[in-house]
Amino acid sequence: SVNADLASERQTASFSVEKLTALLDGGAEQTQIRRAVVEAIESDPVFSRENQYFQTQNERYEAAVRKAVHLQKKMHEMGWTENGPEYKYIYRALSGDVAFLLHRVFMRSISVLGSDKQIAKWIPLATQHKLIGSYAQTELGHGTYLQGLETTAVFDPATQEFILNTPKISAMKWWPGDMGRSATHTVVFAQLYVHGKCYGIHPFIVQIRSLQDHSLCPGITAGDIGPKMNFEHIDNGYLLLKNVRIPRENMLSKFCEVRPDGTYVRQGSQKINYFTMTTVRISLISDEVLTPLMKACTIAIRYSVVRRQSKLKPGEQEAKILDYQTQQEKLLPQLAAAYAFHFINNYLQELFNRGYREIQRKNFDMLPELHALSSGFKAMITQHCTAGVEICLRACGGHGYSLLSGLPSLYTKILASCIYEGENTILLLQTARFLIKCFMAASAGQPVPPSVTYLAAVKHGKCPAKNKLDFLSPDIYTEAYQHVTVRLTSSTAAKLQDLIQSGVKKHDAWNQCTVQLVQAAKAHCHYIAVKNFAETVEKLETKAGIQKIMKHLCDLFALHGIFSNTGAFLHDGYISAAQMDMVTASYLDLLAVIRKDAVPLVDAFDFTDKSLNSALGSYDGQVYQRLYEWAQKSPTNQMSPAYERYLKPLLHSTLSKL
Amino acid sequence: AAAMAVNADLRRERAAATFQPELLTHILDGGPERTRRRKEIEALVLNDPDFQHEDLNFLSRSQRYEQAIRKSSLMVMKLREYGIADPEEIYWFKSFVHRGRPEPLDLHLGMFLPTLLTQATPEQQDRFFMPAWNLEIIGTYAQTEMGHGTHLRGLETTATYDPSTQEFILNSPTVTSIKWWPGGLGKTSNHAIVLAQLYTQGQCKGLHAFIVPIRQLGTHEPLPGITVGDIGPKFGYDEMDNGYLKMDNFRIPRENMLMKYAQVEPDGTYVKPVSDKLTYGTMVFIRSLIVGDSARSLSRACTIAIRYSAVRHQSELKPGEPEPQILDYQTQQYKLFPLLATAYAFHFVGAYIKDTYHRISGDISTGDLSELPELHALTAGLKAFTSWTANAGIEECRMACGGHGYSRCSGIPDIYVTFTPSCTYEGENTVMMLQTARFLMKSYTQVTSGQQVTGMVSYLNDLSRQRIQPQHVAARTVTVRINDPTSLVEAYKSRAARLVESAAKNLQAELNHRKSKEDAWNRTSVDLVRASEAHCHYVIVKLFTAKLAEVSDAAVRTVLTDLCLLYALFGISRNTGDFLQAGILTSAQITQVNQRVKELLAVIRPNAVALVDSFDFHDVHLGSVLGRYDGNIYENMFEWAKKSPLNKTQVHESFHKHLKPMQAKL
């Protein structure tokens, strides 16, 4: 039965949960497909995650490999294909707890970087899992800066081979997933040398393990890089190459080729490749970043209505902790952010689909803007969601620290997203570079891409709000965000110019402004997210109460951003001190309003208990019973050898003699 | 690998420092003699083969528990063998043995024994203290229940007195009443001090403490009526067997209730305790430890991140030049140096609370407890402020190490998971902030009713004076000098005063609108937390500034002054809204503050490595490949990885189990 405190929350929902779920899924049919996939996966015991919190790294890895292999069977059985509508839900249903994710990156890089001949040779082998691929780019000493990679590939015309080497320890490939134990092949990025001349970084297909007995190939040293904060099911690996020879045909040669005589030829445009990298940043947002935040909100908010603590009124029962304003102030902004980012993600997906169509028509005009948006939003959303998951964890008191709450593993997993596919600070600086460039162009009256046209319209007014209700007007707060972004961008651009005019070299001037540049890029993304949320709300159907609750969340998202960063809005007096008090008042009022719908709002995310894998967040709210029963299954509750070995002698003899 | 030369970048960094790191180490330790003694104890532990073991990162939870219990047993024996009895020296010894991690005897040593000392009668001390001291009895302190943490009065465990047998009958009446979390309870302890609602003569007398045997001496099996076990895996704390305890009609003799204060007589008559002010003292003490712990944990993370940033090279700052050290990027400095300054600030705050506590607890025996309420209120907030900040700071250090920070070889994940629960235990941080706020509101009310307040809140006295004058606080704007720490203390003071006043006014407005006090308090609590934070921030800036005058070496004082300025100015730049809204600083001044912060980053840059060297963490204690003193990072990462459990066999067994069959089929 459902815990009474949780049940009562659901009776007062102001909107239809099922309709909101359908909205999030992009239609009721999608919801149906998703639920069918989840059901098929979760009813299969091979995919169970119940014991994962008790498992060692070796056990986690083995389970992930088992699941990956089983998944092939399952897909066949269910008739799911990689191009089918079910495919995108599989990963979510597995909660990512599966091996061979890099195999897909391996295949994609061959498809994107390989010649038609290479694609024809390798893709069928990979599709049939006759080999398992990985993708080896990062080195021990080099991550962000690709040109700095040190692995070498020297062409030997005599044998028509490349000779691959790891010249020093910092050049060792380090981190690639699936490479530590599983992969038989990998795409290695190395500096290409022909006739003593370096041609820069190129991709090579290298076999690293025998297809017969999985032993390492000659010249290869590879292994697992050891325990990490999470991803224990993935064998992130290292790879050391010593005079490893591969045939000339193994250099992926869609764009660059080395002819048999050593002639180096460049062909076609790399821009599509560039677009692919950009797309990856966007494609990870949904599964790797939004889902964890939504799960964390679900767990923390459900637990916060089951958990009672202290009294709000003397003589009454202890209050639900969600009734405390401070608890609302922790959790509800995270909930609003989850919705805001869901909508901005939809927007970006659409934009990228359009971009893809343009690029196929050889129109690359959108590329700089897409790159700036993907970099900035990847950084902003990963950072925000990571912080959000941690807030949820710490909002669950002591029990949040138990792995059985599900929160620690959500946290340790999501936080890696701040680093992979581009370190966030670096990405924000890329967005900033675009912003500054566009700002200069706009100031000079030149045309700029749609997402930054607002930079041209510098207005110097003041915020027109007269009372706290005015701050619930999207026009008012969107305008405020826009104002701040323009101010930060223009002042940074001015500072850069001043420095350069005063004789500081361009790159030094850039480095001296990077702190401000990062702020400007963040503000730009925040503004677009707020604006997009407001526009999305406007377009929603008014039925079933959905538009109304989404409007509240949009307001909360916007006002929380101002409340947490008052200085930026007060700085030039755009918002006055008195107005800031109105912002605060409106913001705090909203908490109490959204509080009433908090549980239905997380129910709408529609996570099953198995997918949450949390004693605190289950749908029925039987928190304590579940925690108690689950804990008893912990391996630590089998008799430990520590008692016989250490405790017993300690308790009986050693010290009593002292 | 140990014999390798120090990495050239780190050598260069150390040679360029403008001060002697040892002198700063002495200040942190509290004098050269303390440093010497600390290193002596460190050597005792680190050179002792009994305390060596495999890298804990490669062990399972059960193995880590086993190692910890092995070392704890040895530790207790060796402490006595060496005659180490000073609490701080015990702390050092323990911290070196367990490398800063928790251990299964923590609660026995830190709670069970002290509670016996403070709350047991002489007769009870005779029965329990020596056996506990000799570890025949290993105890823990069982307070928190599955459904109850912060709100002590809500605990459900019952102890019902039965005069016919002169026993207490202990019960866990519901699932939510199961004791949950106590360290050392799961597997290690054979006794527990249990907090339970006392029922005698049909009446509930509130919470009292009982000594409950839970496991059979000799076999260590749970006693009949006791269900006890480990609560399962957690975020860190792998060494600790946090446990659960369920009691079903479990009987203990009347004499097992701790009766130094409250008593139950044989016939069931309840005798009330005289005063409970003393429990304040313990809480203040433990919270002061957490403040110190915030400083140390953040210092460790800074040491790792800053040394690594000096060794790691990446991208190009100037076209055509070699890749620079990542510590040369402004964004990297902006992430790390304010945290470095924060670590120093928290060290000084921790030392201040400890000293004040010792001074006041001197007064407890002579009866002057007048300063205790303020110290209690202050430490609650500082505990929350420092642990929140350090928690976020450790994560920032990890992120600043890029991908390698995520590997457990960096050591930062371990520092984080060990430290982060301190945001929750010994008083959940938000609850702590609200305790401080309660004191601030009380002081504010006193001031408005014409009384003077003293101590750290005395700035509130100025509020009433200002009210007489027509002009706004904004009149003080011009007096803030951004290069003068003393002047910045004043700015922080004004901010605190403003936020306290605004919270008090909002609270009053809510009271005017609503019926209940509790409701009004709840509806103001976000403001109240902000007020407490501002108060704590002011105290920290003030204490850091005050410390500067005590530093005699000019070179050290200069570098500490830079750090103090950075701490204060960075805090302003992160909270500009508060200073602008209250009119304490103008926009033009804020722009100057932001600019000055960046200048200070460049000023501190040459001393960054020396400033973390001054924390003087031994490599073994630091437990980080990235933070090694010699900077030979990449070689040692490779060596470390080779020991990973996944690398135990060349071909992993899952190849034969899963991969090969799949390949055969397709």
Side-chain angles (χ1 to χ4, degrees), chain A residues 53 56-58 62 65-66 69 128-129 140 143 145 148 169-170 175 181 214 223-229 309-310 312-313 318 325-326 329 394 397-398 401-404 408 416 419 425 507 511 514-515 566-567 570-571 577 580 624-625 628 631 634 636-637 640 642-643 646 650 655-656 658, chain B residues 57 60 62 66 69-70 73 80 134-136 146-147 149-151 154 175-176 181 187 220 229-235 314-315 318 323 330-331 334 402-403 406-408 413 421 423-424 430 516 518 522 525-526 576-577 580-581 587 634-635 641 644-647 651-652 654-655 658 662 666:
Chain A
Y53 303 132
T56 65
Q57 194 189 358
N58 260 323
E62 194 192 320
V65 171
R66 190 172 61 235
V69 170
Q128 296 163 41
H129 285 90
L140 194 42
Y145 185 62
I169 199 126
S170 57
W175 279 110
R181 304 270 75 187
H214 216 61
D224 176 86
I225 62 161
K228 299 142 293 189
M229 287 190 92
Q309 195 162 273
S310 306
L312 267 175
K313 297 196 175 87
E318 291 186 48
Q325 189 188 50
T326 47
E329 213 265 320
R394 278 192 283 117
Y401 297 102
S402 167
L403 291 197
L404 307 181
I419 308 282
T425 303
H507 48 262
N511 191 32
T514 44
V515 168
T566 51
L570 288 162
H571 190 88
M580 196 52 85
Y624 300 115
Q625 194 61 35
Y628 184 45
S634 169
T636 40
N637 284 325
S640 153
Y643 174 69
Y646 305 108
L650 176 72
L655 283 160
S656 42
L658 286 172
Chain B
N57 286 302
S60 72
S62 277
E66 194 180 325
I69 203 85
R70 181 183 72 80
S73 327
R80 290 173 198 176
N134 289 333
L135 293 180
E136 287 157 41
M146 183 135 55
T150 295
H151 186 60
V175 177
T176 46
W181 279 111
K187 300 274 117 186
H220 211 56
D230 176 86
I231 62 163
K234 295 143 298 187
F235 202 23
Q314 193 165 276
S315 305
K318 296 185 180 130
E323 296 183 51
Q330 190 189 56
T331 45
Y334 191 72
Y406 194 74
S407 167
R408 290 216 243 142
C423 294
T424 305
T430 303
S516 93
E518 290 77 9
N522 187 30
S525 52
V526 168
T576 53
L580 285 168
Q581 201 179 357
S587 297
Y634 298 128
E635 301 80 350
S644 165
L646 254 68
N647 290 329
V651 176
H652 196 271
S654 55
F655 171 71
H658 306 294
M662 170 176 76
L666 287 164

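Remember, it's a predicted structure, so these values are computed and weren't measured experimentally. Below, read A as the first sequence line, B as the second, and so on, with proteins coming before strands; counting in each chain starts at 1.
When heavy atoms are compared at a cutoff of 4.5 Å, A:Leu403 approaches chain B by way of both its backbone and its side chain. If you measure heavy-atom distances from A:Glu329 to chain B, the contacts under 4.5 Å come from the side chain alone. With a threshold of 4.5 angstrom between heavy atoms, A:Thr566 approaches chain B through its backbone and through its side chain. In this structure, the portion of A:Glu318 lying under 4.5 Å from any heavy atom of chain B is its side chain and not its backbone. Both the backbone and the side chain of A:Arg66 come within less than 4.5 Å of a heavy atom of chain B. Looking at A:Thr56, only its side chain comes within 4.5 Å of chain B, counting heavy atoms on both sides.
No side-chain N or O of B:Ser62 forms a donor-acceptor pair with one of B:Ser60 less than 3.5 Å apart.
For the residue pair A:Tyr401 and A:Pro408, the shortest heavy atom distance occurs at O-CG, 3.9 Å. Closest approach of B:Val175 and A:Gln625 over heavy atoms only: CG2-OE1, 3.0 Å. Considering every non-hydrogen atom in both B:Asp230 and A:Ser634, the closest pair reads OD2-OG, 3.8 Å. Here the shortest heavy-atom pairing between A:Ala631 and B:Ile231 reads CB-O, 3.5 Å.
The most heavy-atom pairs under 4.5 Å with chain B, out of A:His507, A:Met580, A:Gln309, A:Lys313, come from A:His507. Between chain B and the options A:Val65, A:Leu570, A:Asn511, A:Leu312, the largest number of non-hydrogen pairs under 4.5 Å is found for A:Asn511. The candidate from B:Ser516, B:Ser525, B:Pro413 with the greatest count of non-hydrogen atom pairs under 4.5 Å with chain A is B:Ser525. Contact tally against chain B (heavy-atom pairs below 4.5 Å) for A:Gln57, A:Lys228, A:Glu62, A:Arg181: the top residue is A:Arg181. Ranked by heavy-atom pairs shorter than 4.5 Å toward chain A, the options B:Leu580, B:Val651, B:Val526 are led by B:Val526. Each of A:Ile225, A:Thr514, A:Leu404, A:Thr425 has some count of heavy-atom pairs under 4.5 Å with chain B, and the biggest count is that of A:Thr514. Contacts with chain A were tallied for B:Gly149, B:Ser644, B:Gly154; B:Ser644 has the most, counting heavy-atom pairs under 4.5 Å. With respect to chain B, the highest number of heavy-atom pairs below 4.5 Å among A:Gly226, A:Pro227, A:Gly223 belongs to A:Pro227. Interface check for chain A: of the options B:Gly403, B:Cys423, B:Gly232, B:Gly229, the most heavy-atom pairs under 4.5 Å are formed by B:Gly403.
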Test side chain to side chain contact (heavy atoms under 4.5 Å, CB included) on A:Trp175 and B:Ser407 and set out the steps.
-> CA-CA 9 Å; A:Trp175 279 110; B:Ser407 167; 4.0 Å; yes
What's the verdict on side chain to side chain contact (heavy atoms under 4.5 Å, CB included) for B:Trp181 and B:Met146, showing C-alpha distance, side-chain angles and the deciding distance?
-> CA-CA 8 Å; B:Trp181 279 111; B:Met146 183 135 55; over 6 Å; no
Derivation of the side chain to side chain contact (heavy atoms under 4.5 Å, CB included) call for A:Val69 and A:His129 = CA-CA 10 Å; A:Val69 170; A:His129 285 90; over 6 Å; no
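A:Asp224 places no side-chain N or O within 3.5 Å of a backbone atom of B:Asn647 that could act as its donor or acceptor partner.
In this structure, NZ on B:Lys187 lies 7.0 Å from OG1 on A:Thr636, to the nearest 0.5 angstrom.
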